[in-house]
Amino acid sequence: MRIATWNVNSVKQRVPRLLPWLDERKPDVVCLQETKLSDEAFADLLAGPLAERGYTFAHHGQGQWNGVALLSRVGLADVERGFPGQPDFADRAEARAIGADCGGVKVWSLYVPNGREVDSDHYAYKLSWLDALAAHAASGPGDVALCGDMNIAPADADLFDPAAYVGHTHVTPRERERLAAFGLVDVMRERWPDERVFSYWDYRAGMFHQDLGMRIDLVLASGPVAGRVRATWVDRAARKGKLPSDHAPVIVDLDVAPDGDIGPVVPPPSRPARGRRGVTLPQGSR
DNA sequence: ATGGTGGAGCATCCA
């Protein structure tokens with residue numbers, strides 16, 4: 001079973017990239033984030049193309065911001081939109097979490113709040129949001145995979161240059177502690193312990209071209225799921241070419257790949273490290 | 001060079 005997670009940064013803009021990518025990679029379960037559509041608009045846009053490809057789907061949207069979805073060819077049962085105790089921001093519920101049983105695994109598509117500035121209201125919201133998620137994720141006895149844009153780099157190795165992020169969100173101990181508190185396995189880092197591997201590159205200043213990115217899109221799996229992993233990689237090809245998202249998909253194969261390949265013969269997930277110091281982070285970049 | 005891009009949508013806000 002192949003699971004993928006991808007922050008598409010507007011699924012409407014990304015349709016010409018998403019549909020060929022589904023045909024090429026043939027994921028069984030897809031977690032999308034930042035769809036930026038209402039449920040109705042998502043269905044109008046994608047119900048036909050997804051049905052043609054054998055996917056059922058569930059979307060949790062709020063219009064122009066946020067929005068998460070699950071696509072599945074292995075079943076989509078017990079769909080949950082949001083999770084118990086999920087906090088609001090400014091008294092408004094945001095569409096940042098959708099979960100379902102897909103092929104025996106409870107899969108969550110998550111778009112963790114950005115946090116904006118350390119110690120801002122939005123940062124406090126991010127921490128409380130993660131606390132509530134931990135309480136819910138820990139409550140289930142079954143196999144679980146938390147997938148999505150966590151807006152946290154688990155370690156300094158997940159940054160092109162740790163010095164560029166001093167004082168920024170995404171790297172603070174309080175955020176990283178929340179990730180660790182899930183008690184789940186970061187399957188990408190387990191598979192590639194010493195590789196330079198990023199999933200997000202700012203659109204600005206040629207960051208992707210220079211491979212100046214960060215790894216914030218994660219698959220966090222419970223032990224039994226992590227034990228089934230045969231391959232894990234970042235699909236950097238999806239970040240290239242015309243009108244890409246600023247994130248690349250993260251792909252995880254459990255047991256065997258959908259085309260029968262046994263995995264894990266895949267290229268290293270990113271380029272070798274090139275010493276780059278003193279690069280100024282684009283303002284607002286996360 | 002103290003900027004630079006892209007998506008929401010129409011004035012800015014967000015990442």
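Order of the sequence lines sets the chain letters (A, B, ...), proteins ahead of strands, with each chain counted from 1. A quick note: this is a predicted structure, and the numbers were derived from the prediction, not measured.
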Using the [atom1] atom as the reference point in each nucleotide, state the distance between [N] and [M] in Å, no decimals.
{"N": "B:dA1", "M": "B:dT12", "atom1": "C1'", "answer": "26 Å"}
{"N": "B:dG9", "M": "B:dC14", "atom1": "C1'", "answer": "12 Å"}
{"N": "B:dG3", "M": "B:dG7", "atom1": "P", "answer": "23 Å"}
{"N": "B:dG4", "M": "B:dA15", "atom1": "C1'", "answer": "15 Å"}

Using atom [atom1] of [X] as one end and atom [atom2] of [N] as the other, report the distance to the nearest whole Å.
{"X": "A:Lys242", "N": "B:dG7", "atom1": "NZ", "atom2": "C1'", "value": "18 Å"}
{"X": "A:Glu117", "N": "B:dA15", "atom1": "CD", "atom2": "P", "value": "11 Å"}
{"X": "A:Gln64", "N": "B:dC14", "atom1": "CD", "atom2": "C1'", "value": "10 Å"}
{"X": "A:Asp202", "N": "B:dG7", "atom1": "CG", "atom2": "P", "value": "13 Å"}
{"X": "A:Leu18", "N": "B:dG7", "atom1": "CG", "atom2": "C1'", "value": "17 Å"}
{"X": "A:Tyr125", "N": "B:dA15", "atom1": "OH", "atom2": "P", "value": "10 Å"}
{"X": "A:Asp149", "N": "B:dC14", "atom1": "CG", "atom2": "P", "value": "17 Å"}
{"X": "A:Gln13", "N": "B:dG6", "atom1": "CD", "atom2": "P", "value": "12 Å"}

Contacting residues from residues 31-45 of chain A, given that a heavy atom lies under 4.0 angstrom of DNA chain B: none
Closest-nucleotide ordering on DNA chain B, the 5'-leading residue of A:Asn66 and A:Pro244: A:Pro244
Given [options], identify the nucleotide with an atom nearest to the side chain of [X].
{"X": "A:Tyr111", "options": "B:dA8, B:dA15, B:dG7", "result": "B:dA15"}
{"X": "A:Asn114", "options": "B:dA15, B:dG7, B:dA8", "result": "B:dA15"}
{"X": "A:Tyr203", "options": "B:dA15, B:dG6, B:dG4", "result": "B:dG6"}

Sequence-distant partners of A:Lys126, side-chain contact (heavy atoms from CB on, under 4.5 Å), two or more places apart: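 Counting only residues at least two positions away or on another chain, A:Lys126 forms a side-chain contact (heavy atoms from CB on, under 4.5 Å) with A:Val112, A:Pro113, A:Leu130, A:Asn151, A:Ile152, A:His170, A:Glu175.
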Tell me, do [X] and [Y] make a side-chain contact under 4.5 Å, heavy atoms counted?
{"X": "A:Ser109", "Y": "A:Gln33", "answer": "yes"}
{"X": "A:Phe89", "Y": "A:His122", "answer": "yes"}
{"X": "A:Arg2", "Y": "A:Asp253", "answer": "yes"}
{"X": "A:Arg53", "Y": "A:Lys26", "answer": "no"}
{"X": "A:Arg189", "Y": "A:Arg215", "answer": "yes"}

OP1 or OP2 of B:dG6 under 4.0 Å from side-chain N/O of A:Arg204: no
A:Ser199 side chain vs A:Asp217 backbone, donor-acceptor pair below 3.5 Å: yes
B:dG9: syn or anti, per glycosidic angle within 90° of 0: anti
Pairwise side chain to side chain donor-acceptor pair (under 3.5 Å) hits with a residue in residues 40-50 of chain A, at least two apart: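 Side chain to side chain donor-acceptor pair (under 3.5 Å) check on residues 40-50 of chain A returns no pairs.
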